[in-house]
Student: 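Here it is, the structure in full.
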Amino acid sequence: MKDWFDLTGRHAFVTGTSGGLGRAMAIALAEAGASVALVSSSGSAETAGIIRGFGGRAEDIPADLSRPEEAERAWRQAVETFGRIDILVNNAGIIRRTPAADHSRQDWNDVIALNLNAVFFLSQLAGKHMIENGYGKIINIASMLSFQGGINVPGYTASKHGVAGLTKALANEWAGKGVNVNAIAPGYMETNNTAPIRADEQRYRSISERIPAGRWGVPDDLKGPVVFLASRASDYVHGHILCVDGGWMAR
Ligand code: NAD
């Protein structure tokens with residue numbers, strides 16, 4: 001059974017790997033045997049160091065993915081480095097918190113450019129490549145706000161609903177071509193993304209009390225789910241949005 005989760009000889013392209021959820025998922029894929037291209041605006045030197053430290057292979061490719069030409073350059077560099085890419089994890093994402101009535105066009109556009117447009121452009125590049133190879137796994141990072149409205153984050157919610165829809169749309173087209181497209185919807189996780197809500201003691205407590213597992217998630221909670229969706233163990237799973245949320249959506 002262990003072989004089903006073995007990623008030896010596979011090559012992954014993971015975005016948003018300078019820290020947070022992306023770093024934990026990149027490390028998990030490398031621990032399972034994959035070589036990993038680490039793609040972040042600020043670079044991922046520390047993550048690359050951790051992976052190389054246990055004998056894994058990592059390539060640090062800094063790129064601002066909100067710019068389509070940068071996303072394409074990063075993709076080509078990764079394909080050149082590894083020869084082929086079998087796994088794409090679209091994780092890079094930002095959030096801007098201001099009430100809808102005051103949400104600036106700049107905030108709206110910045111969030112959509114990275115959280116939704118880059119996910120589509122990279123999936124398109126990966127999809128073509130993977131269809132040619134007859135094999136591939138695309139894993140998008142969705143959110144509880146792929147299902148719920150959230151508060152003061154209209155652009156983020158719109159982008160994450162978009163990610164959920166896109167996951168299903170691409171799965172419909174590519175499932176018969178050897179390419180699995182799925183998503184992980186993390187619940188409330190302890191990363192930079194949620195630092196402002198965690199700093200608000202009352203909000204932190206009210207969210208914690210609503211989580212059936214009784215605690216916030218940590219980046220390592222995504223390690224098993226991402227390896228599952230990247231491995232042959234999930235070959236017949238298509239268009240699924242896997243909530244890793246301590247039970248939040250079940251409540
Ligand atoms: P984070 O802020 O810790 O990490 C975000 C990563 O994206 C960083 O590596 C950053 O360098 C990278 N990034 C930002 N702008 C970029 C750009 N223009 N180009 C390339 N890379 C860029 O946040 P996180 O919590 O680890 O978030 C990762 C993903 O998980 C995001 O898509 C986020 O929406 C999603 N998510 C997070 C939570 C949570 O509770 N933390 C919950 C649900 C979904």
Side-chain angles (χ1 to χ4, degrees), residues 13-28 36-48 50 60-75 77-78 88-97 106-107 109-119 121-122 139-148 150 153 155-164 166-167 183-199 203-204 207-208 210-211 213 215-223 225-226 241-246 248-249:
F13 184 105
V14 185
T15 71
T17 43
S18 65
L21 306 182
R23 170 181 290 172
M25 291 191 285
I27 290 171
V36 189
L38 305 166
V39 187
S40 251
S41 45
S42 47
S44 308
E46 208 179 313
T47 310
I50 294 169
D60 183 11
I61 306 180
D64 176 358
L65 296 172
S66 64
R67 298 171 54 203
E69 66 281 6
E70 280 278 281
E72 188 159 351
R73 176 191 57 77
W75 174 262
Q77 189 177 329
L88 165 65
V89 182
N90 278 310
N91 163 76
I94 53 171
I95 190 161
R96 297 278 164 80
R97 293 185 174 87
Q106 182 76 51
D107 280 350
N109 288 335
D110 288 351
V111 169
I112 297 294
L114 180 66
N115 294 19
L116 186 56
N117 293 348
V119 172
F121 299 147
L122 281 172
I139 302 156
N140 296 324
I141 301 308
S143 166
M144 296 296 95
L145 301 191
S146 295
F147 311 101
Q148 302 177 319
V153 288
Y156 184 84
T157 300
S159 73
K160 293 298 183 179
H161 272 65
V163 166
L166 187 59
T167 299
I184 292 173
Y188 285 88
M189 317 293 284
E190 292 178 1
T191 68
N192 288 342
N193 172 298
T194 52
I197 342 180
R198 284 182 289 119
R203 184 101 196 271
Y204 179 71
I207 290 172
S208 306
R210 195 200 173 283
I211 300 171
R215 67 165 177 89
W216 281 52
V218 293
D220 278 5
D221 287 318
L222 295 190
K223 289 176 88 173
V226 78
I241 300 167
L242 176 58
C243 293
V244 182
D245 63 351
W248 176 274
M249 287 305 295

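As the structure lists them, so they are numbered: ligands from 1, and atoms in each ligand from 1. FYI, the numbering just counts along the sequence from 1.
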Student: Using a 4.0 Å cut-off to any heavy atom of Thr194, which atoms of ligand 1 qualify?
Tutor: 39 (C), 40 (O), 41 (N)
Student: Might you work through the side-chain hydrogen bond (donor to acceptor under 3.5 Å, both in side chains) test for Gln148 and Trp248, ending with a clear yes or no?
Tutor: CA-CA 11 Å; Gln148 302 177 319; Trp248 176 274; 3.0 Å; yes
Student: Quick one: look up the protein heavy atom nearest atom 24 (P) of ligand 1 and list residue, atom name and how far away it is.
Tutor: Thr191 OG1, 3.6 Å
Student: Heavy-atom distances under 4.0 Å decide this one: backbone, side chain, both or neither, for Leu65 against ligand 1?
Tutor: both
Student: Taking NZ, NE, NH1 and NH2 as the nitrogens, is one of them in Asp221 or Arg215 under 4.0 Å from a carboxylate oxygen of the other?
Tutor: yes
Student: I'd like to check which ligand 1 atoms, numbered from 1 as shown, lie under 4.0 Å from a non-hydrogen atom of Asn91.
Tutor: 28 (C), 29 (C), 30 (O), 31 (C), 32 (O)
Student: Closest non-hydrogen protein atom to atom 2 (O) of ligand 1, residue and atom name please, with distance?
Tutor: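 Atom 2 (O) of ligand 1 sits closest to the protein heavy atom Asn192 CB, 3.7 Å.
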Student: Which residue and non-hydrogen atom of the protein lie closest to atom 22 (C) of ligand 1, and at what distance in Å?
Tutor: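 So the nearest neighbour among protein heavy atoms is Ser41 OG, 3.3 Å.
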Student: Does any N or O in the side chain of Ser146 come within less than 3.5 Å of the main-chain N or O of Lys160, such that one atom is a donor and the other an acceptor?
Tutor: yes
Student: Under 4.0 Å from any heavy atom of Thr17, which atoms of ligand 1 are there?
Tutor: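 Answer for ligand 1: 9 (O).
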Student: Mind listing the closest non-hydrogen atom pair of Pro186 and Leu21 along with its distance?
Tutor: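 Residues Pro186 and Leu21, closest heavy atoms: CG-CD1, 4.0 Å.
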Student: With the threshold set at under 4.0 angstrom, would you say Thr15 reaches ligand 1 through any of its heavy atoms?
Tutor: no
Student: Non-hydrogen atoms of Lys160 versus ligand 1: any pair closer than 4.0 Å?
Tutor: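 It does; at least one heavy atom falls under 4.0 Å.
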Student: Closest by any non-hydrogen atom to atom 44 (C) of ligand 1: pick that one out of Gly93, Gly20, Ala142, Ala92.
Tutor: Ala142
Student: Hey, which atoms in ligand 1 end up nearer than 4.0 Å to a heavy atom of Met189?
Tutor: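 Those atoms are 39 (C), 40 (O), 41 (N).
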Student: With a 4.0 Å cut-off on heavy atoms, is Ser44 in contact with ligand 1?
Tutor: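 It does not, in that no heavy atom of Ser44 comes within the 4.0 Å cut-off of ligand 1.
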Student: Minimum heavy-atom separation for Ala45 and Asp60, please, with both atom names.
Tutor: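 Ala45 and Asp60 have their closest heavy atoms at N-OD2, 3.4 Å.
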Student: Given Gly217, Gly187, Ala118, which has its nearest heavy atom closest to atom 38 (C) of ligand 1?
Tutor: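 Among Gly217, Gly187, Ala118, the closest heavy atom to atom 38 (C) of ligand 1 comes from Gly187.
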Student: Where is the nearest protein heavy atom to atom 43 (C) of ligand 1: which residue, which atom, and how far?
Tutor: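 Checked against all protein heavy atoms, atom 43 (C) of ligand 1 sits closest to Pro186 O, 3.4 Å.
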Student: Looking at atom 37 (C) of ligand 1, what's its closest protein heavy atom, distance included?
Tutor: Leu21 CD1, 3.6 Å
Student: Can you tell me if Asn140 and Thr167 form a side-chain donor-acceptor pair at under 3.5 Å?
Tutor: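 Present: a donor and an acceptor within the cut-off.
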Student: Show me which atoms of ligand 1 lie under 4.0 Å from any heavy atom of Asp64.
Tutor: 17 (C), 18 (N), 19 (N)
Student: Could you check whether atom CD of Glu69 has more than 12 heavy atoms from other residues, nucleotides or ligands sitting under 6.0 Å from it?
Tutor: yes
Student: Using ring centroids (six-membered ring only for Trp), state whether Trp216 and Tyr204 fall under 6.0 Å.
Tutor: yes
Student: Taking all non-hydrogen atoms of both residues into account, name the closest pair between Val244 and Pro225 and its distance.
Tutor: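 What the structure gives for the nearest pair is CG2-CG, 3.8 Å.
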Student: Do any heavy atoms of Ala185 fall under 4.0 Å from ligand 1?
Tutor: no
Student: Can you check atom 30 (O) of ligand 1: any protein non-hydrogen atom closer than 4.0 Å?
Tutor: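 Under the 4.0 Å cut-off, atom 30 (O) of ligand 1 does have protein heavy-atom neighbours.
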Student: Find the distance between CD1 (Ile112) and OH (Tyr156) and round it off to the nearest 0.5 Å.
Tutor: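 Between atom CD1 of Ile112 and atom OH of Tyr156 there are 11.5 Å.
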Student: For the residue pair Thr191 / Asn193, report whether a side-chain donor-acceptor contact shorter than 3.5 Å exists.
Tutor: no
Student: Atom CE of Met189 and atom CE of Met144: how far apart are they, to the nearest 0.5 Å?
Tutor: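 Separation between the atoms: 9.5 Å.
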Student: Please check if the side chain of Ser40 supplies one atom and the backbone of Thr17 the other of a donor-acceptor pair under 3.5 Å.
Tutor: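 Judged by distance alone, yes, a pair lies under 3.5 Å.
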Student: Atoms of ligand 1 less than 4.0 Å from Tyr156 heavy atoms?
Tutor: 33 (C), 34 (O), 35 (C), 36 (N), 43 (C), 44 (C)
Student: Give the atoms of ligand 1, by number and element, whose distance to some non-hydrogen atom of Ala63 is under 4.0 Å.
Tutor: 19 (N), 20 (C)
Student: Distance to 0.1 Å, residue and atom name: give those for the protein heavy atom nearest to atom 23 (O) of ligand 1.
Tutor: Asn193 CB, 3.5 Å
Student: Give the residue and atom name of whichever protein heavy atom lies nearest to atom 12 (C) of ligand 1, and the separation in Å to one decimal.
Tutor: Gly16 CA, 3.7 Å
Student: Just to confirm my output: which protein heavy-atom neighbour is closest to atom 9 (O) of ligand 1, and how far is it?
Tutor: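 I find the closest protein heavy atom is Ser18 OG, 2.7 Å.
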Student: Please round to the nearest 0.5 Å and tell me the distance separating atom CG of Leu222 and atom CG of Asn91.
Tutor: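 The CG atom of Asn91 is 8.5 Å from CG of Leu222, to the nearest 0.5 Å.
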Student: Tell me the closest heavy-atom pair linking Ala74 and Val39, and the distance in Å.
Tutor: CB-CG1, 3.9 Å
Student: Before signing off on this row, confirm whether Ser40 and ligand 1 have an N or O atom pair separated by under 3.5 Å.
Tutor: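 Right, the criterion is met.
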Student: Could you list the atoms of ligand 1 found under 4.0 angstrom from a heavy atom of Ser42?
Tutor: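 Under 4.0 Å from Ser42, ligand 1 has these atoms: 11 (O).
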